[in-house]
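In this text the structure is predicted, and so the values were computed from the model without any measurement. Protein chains get the first letters and strands the later ones, always in sequence-line order, with residue 1 at the start of each.
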Amino acid sequence: MSSGSSSLMWFRKGLRIHDNPALEYASKGSDFLYPVFVIDPHYMKPDPDAFSPGSSKAGLNRIRFLLESLSDLDSNLKKLGSRLLVLKGEPSEVLNRCLKEWDVKRLCFEYDTEPYYQALDVKVKGYASAAGIEVFSPVSHTLFNPADIIRRNGGRPPLTYQSFVKLVGDPSWASSPLSITLSSLPPIGSFGRCEISEVPTVEELGYEKTQQDEHSPFKGGESEALKKLRESIEKKEWVANFEKPKGDPSAFLTPATTVLSPYLKFGCLSSRYFYICLQDLYKNVKSHTSPPVSLAGQLLWRDFFYTVAFGTPNFDRMRGNKICKQIPWNDDDELLQAWREARTGFPWIDAIMIQLRKWGWMHHLARHSVACFLTRGDLFVHWEKGRDVFERLLIDSDWAINNGNWLWLSCSSFFYQYNRIYSPTSFGKKYDPNGDYIRHFLPVLKEMPKEYIYEPWTAPESIQKKAKCIIGRDYPKPVVAHDSASKECKRRMAEAYALNQKLTGLVSEEDLRNLRRKLEEDEKPEVKNKRQRKLIG
DNA sequence: TCGCAGTTGGTGTT
DNA sequence: AACACCAACTGCGA
């Protein structure tokens, strides 16, 4: 036990030194400071049954990104005369033990709106206050405090971006400078009986070196985040003229966006600091784009989804989710797996799914393409299934934003124009007529002439032979015929919307079953056959 | 009740 | 590149 007063800084997200009010408060007026990260085996230990290398919750790319972020945090803490203390176990148990053992007087951690942390934090705060420990848990992950916004909107979250923007105005902290640097931190006290370790490597967590052939080109950590931020901000014209929907989803050597999302997800980069940098830049240019399409607009989108997610019970499900249209999605594991394993037979779709697996990141519009294809566009598979795959494989997967976007793309909420379907062939062609993106991520199609690379099943046999890629043998035939599949999807969406309107959203399991049967009966036999033959040309 | 707006569709024309 | 047209949804505010 240490003499003198001790504070414990509990890192979860917010893996940074800059703009970290919890860390700043923890370091003030304390004789000892314990900076802690708890590795929860449920999140980190290898799961051999998962469909990709990684734990039961996270793909290896994100685990690696997290470990890199922790190492960087450790070295940044060391520059301030401290270090990161890594502990293992169920977080609330580990924390309770540390609080006792180190006689902690003050516990600090960034507030988190996700259901997982909401539940965990209730436990931890309960213990701390019973023991008379001061708890400081500021909101610093987002620009605004979602709870404030919801309160100011009469207890309900705003459900459109425009109404959100109108409501929030400028962030309250923007007029006073953020605390970007710390000069030093109090020393660490004695560990007592608590078992402390260094930041582990992926191998130390039990992962084989050979488990992944190509891994994400994006390296975790605050230092990398700030470097990337500076590189983006230096391109003044590019930032000022940024229009999200105009980006090129097929650009991979130089992505069309900042790729700061994974750093925002783990809090390696403060969204508030990013926002201030953008405002500074905007002040110094002749003209600049505006929300929703501007870069600052992207940060507002992030806050928008955080706010709606926080204020909507069962946000991550269809059932019991008041803002989610009830739609009789298919339960087709075969189609889901084809999508997940990049075997749909649509090169544009499959290349994106390979990039997801290898890089843990792809362009926003590429995500739109594959999400639309899986759900309302072609396969009519439940958005929750696609959400699970993204949640596991994306290095930037963020609970509120990922669920929000799946609700959006599946036309379950926020966006309702289900007639607008991304073509799994022409959408990509428009940006990359030569198919370089496909050639890179699907080398099996490397030699396919550009006339056929988006629809290789239409290539004559002689061309397939010459390209050393026989469709049906070296690369799959398409799992659906897009024309008939998308027509059928539209028909189902129309019926489902009509039912939701008729029952004013109160659609029961039974209503959905009945609709499923009706849709089955009404389906024109020729469409059905074509669809079920799973394929063609 | 009506008209309008909504970050990012597809296709065809100029 | 910019526009019209297609076919047409919802939520919101007047």
Side-chain angles (χ1 to χ4, degrees), chain A residues 153-154 156-167 239 241-251 255-258 261 278 288-305 308 311-312 321-327 346 348-349 352 362-378 401 404-433 454-455 481-505 507:
Chain A
N153 195 47
R156 293 170 308 277
L159 293 175
T160 66
Y161 182 80
Q162 297 301 347
S163 63
F164 174 82
V165 170
K166 218 164 123 185
L167 183 71
V239 172
N241 297 319
F242 185 90
E243 284 183 65
K244 186 67 169 280
K246 291 199 175 157
D248 176 356
S250 71
T257 52
T258 61
S261 54
L278 289 172
H288 60 84
T289 52
S290 300
V293 298
S294 64
L295 261 188
Q298 305 314 301
L299 287 173
L300 292 168
W301 276 108
R302 178 172 178 272
D303 264 57
F304 169 68
F305 283 128
V308 182
T312 307
N321 180 348
K322 281 214 167 73
I323 67 168
C324 182
K325 291 252 183 276
Q326 303 298 303
I327 294 166
F346 290 94
W348 170 248
I349 299 298
I352 294 168
M362 65 284 206
H363 187 275
H364 191 65
L365 290 177
R367 301 180 192 202
H368 277 217
S369 275
V370 295
C372 178
F373 184 84
L374 179 71
T375 58
R376 67 183 170 85
D378 288 85
I401 299 171
N405 277 309
W406 277 95
L407 283 163
W408 185 295
L409 259 298
S410 63
C411 281
S412 296
S413 198
F414 306 115
F415 176 80
Y416 307 95
Q417 287 174 265
Y418 58 76
N419 281 297
R420 295 188 185 173
I421 291 173
Y422 291 88
S423 162
T425 54
S426 25
F427 185 71
K429 214 182 282 177
K430 169 167 86 176
Y431 299 96
D432 179 18
Y454 283 88
E455 298 111 325
H482 174 65
D483 280 352
S484 52
S486 59
K487 266 200 195 95
E488 173 62 13
C489 284
K490 285 189 240 184
R491 188 178 74 89
R492 294 182 187 196
M493 290 300 284
E495 294 270 7
Y497 269 39
L499 184 68
N500 277 266
Q501 197 162 61
K502 189 176 139 209
L503 301 177
T504 56
V507 181

Under a 3.5 Å cut-off for both contacts, is [N] paired Watson-Crick or G-U wobble with anything, and if yes, with which nucleotide?
{"N": "C:dA1", "answer": "B:dT14"}
{"N": "B:dT8", "answer": "none"}
{"N": "C:dA7", "answer": "none"}

Distance check, [atom1] atoms only: [N] and [M], in whole angstrom units.
{"N": "C:dA4", "M": "B:dA5", "atom1": "P", "answer": "15 Å"}
{"N": "C:dC12", "M": "B:dT8", "atom1": "C1'", "answer": "22 Å"}
{"N": "C:dA8", "M": "B:dT1", "atom1": "P", "answer": "23 Å"}

- Task: Report the residue (A:Ser163 or A:Lys246) whose heavy-atom-nearest nucleotide on DNA chain C is the more 5′ of the two.
- Result: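 Looking at DNA chain C, the more 5' nearest nucleotide goes with A:Lys246.
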
- Task: Could you list by number each residue of residues 414-427 of chain A showing a heavy-atom separation from DNA chain C of less than 4.0 Å, or answer none if no residue does?
- Result: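 Those residues whose heavy atoms fall under 4.0 Å from DNA chain C, taken from residues 414-427 of chain A in numerical order, are A:Tyr416, A:Gln417, A:Tyr418, A:Asn419.
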
- Scan A:Lys430 against the nucleic acid and name what it touches under 4.0 Å (heavy atoms): base, sugar-phosphate only, or nothing.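 The answer is sugar-phosphate, as A:Lys430 gets under 4.0 Å only of primed atoms, P, OP1 or OP2.
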
- Task: For A:Gln298, report the nucleic acid contact type (base, sugar-phosphate, nothing); a contact means any heavy atom under 4.0 Å.
- Result: base

- Does the ring center of A:Phe304 lie less than 6.0 Å from the ring center of A:Phe414?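 For A:Phe304 and A:Phe414, the ring centres are under 6.0 Å apart.
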
- Task: Step through it carefully: locate the ring centre of A:Tyr161, locate the ring centre of A:Phe305, and say whether they are under 6.0 Å apart.
- Result: no

- Query: Do you know which two heavy atoms are closest between A:Ala256 and A:Ala251, and how far apart they sit?
  - Reply: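 Nearest heavy atoms, A:Ala256 then A:Ala251: N-CB, 4.3 Å.
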
- Does any N or O in the side chain of A:Tyr422 come within less than 3.5 Å of the main-chain N or O of A:Val370, such that one atom is a donor and the other an acceptor?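 Judged by distance alone, no pair lies under 3.5 Å.
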
- Message: Looking at A:Ser426 and A:Ser423, would you say the former's side chain and the latter's main chain have a donor-acceptor pair under 3.5 Å?
- Response: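 Checking the backbone N and O of A:Ser423 against the side chain of A:Ser426, no donor-acceptor pair under 3.5 Å is found.
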
- Message: Would you say that A:Pro249 contacts A:Met362 through its side chain, given a criterion of any heavy-atom pair below 4.5 Å between the two side chains?
- Response: no

Rounded to whole angstrom units, what separation is found between the [atom1] atom of [X] and the [atom2] atom of [N]?
{"X": "A:Leu365", "N": "B:dT8", "atom1": "CG", "atom2": "C1'", "answer": "5 Å"}
{"X": "A:Asn241", "N": "B:dT7", "atom1": "CG", "atom2": "C1'", "answer": "16 Å"}
{"X": "A:Lys490", "N": "B:dG9", "atom1": "NZ", "atom2": "P", "answer": "13 Å"}
{"X": "A:His368", "N": "B:dG10", "atom1": "NE2", "atom2": "C1'", "answer": "17 Å"}
{"X": "A:Leu409", "N": "B:dG9", "atom1": "CG", "atom2": "C1'", "answer": "12 Å"}
{"X": "A:Trp408", "N": "B:dG9", "atom1": "CH2", "atom2": "C1'", "answer": "14 Å"}

- Message: Taking the cut-offs as 6.0 angstrom to the six-membered ring centre and 45 degrees off its axis, would you call A:Lys325 and A:Tyr497 a cation-pi pair?
- Response: yes

- Item | Terminal contacting nucleotides, 5' and 3', DNA chain C versus chain A (heavy atom, 4.0 Å) | C:dA8 to C:dC12

- Message: Under 5.5 Å centre to centre and under 30° between planes: does that hold for A:Trp301 and the six-membered base ring of B:dT7?
- Response: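 Yes, the aromatic ring of A:Trp301 stacks with the base.
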
- Message: With a 6.0 Å cut-off (strictly less than), is the heavy-atom count around NZ of A:Lys322, excluding the residue itself, greater than 12?
- Response: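 Atom NZ in A:Lys322 is not crowded, with 12 or fewer foreign heavy atoms closer than 6.0 Å.
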
- Message: Please tell me whether A:Thr425 and A:Trp348 have a donor and an acceptor in their side chains that are separated by less than 3.5 angstrom.
- Response: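 Absent: no donor and acceptor within the cut-off.
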
- Any side-chain donor paired with an acceptor under 3.5 Å for A:Asp378 and A:His482?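 Yes, a side-chain donor-acceptor pair sits under 3.5 Å.
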
